[in-house]
S.K.: 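Starting off with a structure, shown below.
Remember, it's 1-based here, ligands and their atoms both numbered in the order they're listed.
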Amino acid sequence: MSPVIRPKPSIERMKEYVAGRNIEEVARSYGIDERDVIKLASNENCLGPSPLAVSAIKKAASSIHLYPSVDGVELREALAAHYDVPVGNIVTGPGMDGVMETLLRVFLDKGDEIVIPLPTFSYYENVAGFSSAVPVFSTRRPDYGLDIEDILSKVSERTKFIFITSPNNPTGNVTPVEDIERIASAVDCLVFVDEAYIDFADRTALGLVRKYDNVIVGRTMSKAWGLAGLRIGFAFVPEWVLGQYMKAATPHSISRVSIAAAIGALGDKEYYEKSVETVRKGRKYLAGNIPFRTLPSEANFILMDVSPLKSKYVADECMKRGIILRDCTSFRGMGDTFVRVTVGTPAQNKRLVEALKDIRGGA
Ligand SMILES: *Cc1c(COP(=O)(O)O)cnc(C)c1O
């Protein structure tokens with residue numbers, strides 16, 4: 001690194017985001033045929049993409065020499081119709097990650113704070129660092145529910161956001177809407193409810209966006225909608241946020257191909273329902289058959305506690321057998337015995353259960 005030009009301290013201190021390992025990499029390092037590797041590490045949709053999304057992409061291909069709309073308005077309109085929410089309450093971006101980056105860019109200044117209940121998705125902390133803001137942590141209760149009193153006690157004059165992930169990643173539990181409402185009504189800062197996995201659960205906090213001017217609900221098309229490779233996220237925001245968001249958003253940040261595919265997928269009710277149904281059934285099968293303690297989940301993944309084994313050992317042994325899982329050691333506050341598995345197709349789930357039984361028996 002240059003001795004003269006340094007990155008700003010918040011970046012220098014930051015740990016790199018750890019993503020799930022990919023199929024090509026694992027196939028290469030273990031000498032396995034790519035076709036025999038299954039990835040149950042990043043909570044993608046095991047059914048593949050919606051055929052309507054794929055045909056929309058083909059149709060959009062001949063116009064890719066033109067810029068997409070500056071603000072994804074066609075997609076915002078399609079989302080407004082689908083969710084029956086005014087278009088003035090919807091923003092879009094390159095993945096929910098991109099939406100969060102824009103929102104935090106709007107609100108966070110150096111030294112501002114965001115409150116994060118742990119354990120959870122680690123990217124919030126990184127995005128706060130981009131603005132030299134400070135993450136303040138609250139610890140969830142032993143059942144991974146929120147400790148509301150503790151969260152409220154950590155809110156200061158400098159707090160701009162509280163992040164609530166529901167269902168939570170990696171634990172899989174939903175936060176009751178009443179808990180979110182208690183927090184939102186008690187604070188002046190914004191409450192960001194990350195509902196990346198809400199399609200697999202049955203309670204959403206969406207209604208609170210209409211009721212409170214400080215609640216934002218983030219969503220993604222990467223999970224239930226099967227479009228992780230295209231990077232499409234959106235959020236339901238109070239109307240006053242929209243104009244500020246548009247000023248800070250990267251122009252044209254969702255590609256033409258992505259917009260077309262997203263609109264195509266939104267029209268594929270059959271695919272969506274099948275995705276949700278496959279997850280609900282697979283989740284039940286895995287919870288009943290995994291030979292370790294599993295946590296109840298309302299998402300498309302299950303967290304298992306592999307103790308007395310270590311998570312790294314179990315994840316490595318699975319990888320040797322061509323199954324990629326997520327060792328949760330990199331999640332702050334999660335310890336070293338938790339492994340997260342994405343619900344797959346029935347055949348993938350069965351192969352996983354057999355591998356885990358084998359690993360458990362051989363350890
Ligand atoms: C997957 C995930 C996201 C990000 O989704 P993208 O839209 O793909 O950026 C956000 N939050 C949580 C909790 C996730 O697990």
S.K.: Which of the atoms of ligand 1 are close to Gly95, meaning less than 4.0 Å from one of its heavy atoms?
M.R.: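 Answer for ligand 1: 6 (P), 7 (O), 9 (O).
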S.K.: Tell me which protein heavy atom sits closest to atom 5 (O) of ligand 1, plus the residue, atom name and distance to 0.1 Å.
M.R.: Thr220 OG1, 3.7 Å
S.K.: How far is atom 11 (N) of ligand 1 from its nearest protein heavy atom, and which residue and atom is that?
M.R.: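 Closest protein heavy atom to atom 11 (N) of ligand 1: Asp194 OD2, 2.6 Å.
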S.K.: Check ligand 1 against Ser222 and write out every atom of the ligand that is under 4.0 Å from a heavy-atom position of the residue.
M.R.: 6 (P), 7 (O), 8 (O)
S.K.: When you measure from atom 15 (O) of ligand 1 to every protein heavy atom, which one gives the shortest distance, and what is it?
M.R.: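 Ranking protein heavy atoms by distance from atom 15 (O) of ligand 1, first comes Tyr197 OH, 2.6 Å.
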S.K.: I'd like to check whether Asn169 has a polar contact with ligand 1, where a contact means an N/O of the residue lying under 3.5 Å from an N/O of the ligand.
M.R.: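 Yes; the residue has a nitrogen or oxygen that sits under 3.5 Å from a nitrogen or oxygen of the ligand.
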S.K.: May I ask you to check whether Tyr144 and Asn168 show a side-chain donor-acceptor distance below 3.5 Å?
M.R.: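 No pair is found: no donor N or O on one side chain lies under 3.5 Å from an acceptor on the other.
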S.K.: Give the ring-plane orientation class for Phe192 versus Phe163, where under 30° counts as parallel, over 60° as perpendicular and anything between as tilted.
M.R.: tilted
S.K.: Any non-hydrogen side-chain atom of Val343 less than 4.5 Å from a side-chain atom of Leu286?
M.R.: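 They are in contact (side-chain heavy atoms under 4.5 Å apart), so the answer is yes.
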S.K.: Can you find a side-chain donor-acceptor pair between Ser297 and Tyr197 that sits under 3.5 Å?
M.R.: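 No.
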S.K.: Is there a ring-ring contact (aromatic ring centres under 6.0 Å, His included) between Phe236 and Tyr83? Walk through the geometry before answering.
M.R.: CA-CA 10 Å; Phe236 300 106; Tyr83 289 102; 5.4 Å; yes
S.K.: Regarding Asp336 and Thr329, is there a side-chain donor-to-acceptor distance under 3.5 Å anywhere?
M.R.: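 No, Thr329 and Asp336 have no side-chain donor paired with an acceptor closer than 3.5 Å.
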S.K.: With respect to atom 14 (C) of ligand 1, which of Met221, Arg231, Lys223, Glu44 exhibits the smallest heavy-atom separation?
M.R.: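 Comparing heavy atoms across Met221, Arg231, Lys223, Glu44, the nearest one to atom 14 (C) of ligand 1 lies in Lys223.
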S.K.: Counting heavy atoms only, which part of Asp97 comes closer than 4.0 Å to ligand 1: side chain, backbone, both or neither?
M.R.: both
S.K.: Hey, are Thr204 and Arg219 close enough side-chain-wise for a donor-acceptor pair under 3.5 Å?
M.R.: yes
S.K.: Geometry only, no angles: is Tyr124 polar-contacting ligand 1 at N/O separations under 3.5 Å?
M.R.: no
S.K.: List every atom of ligand 1 that sits less than 4.0 Å from any heavy atom of Thr165, numbering the atoms from 1 in the order shown and giving each element.
M.R.: 13 (C)
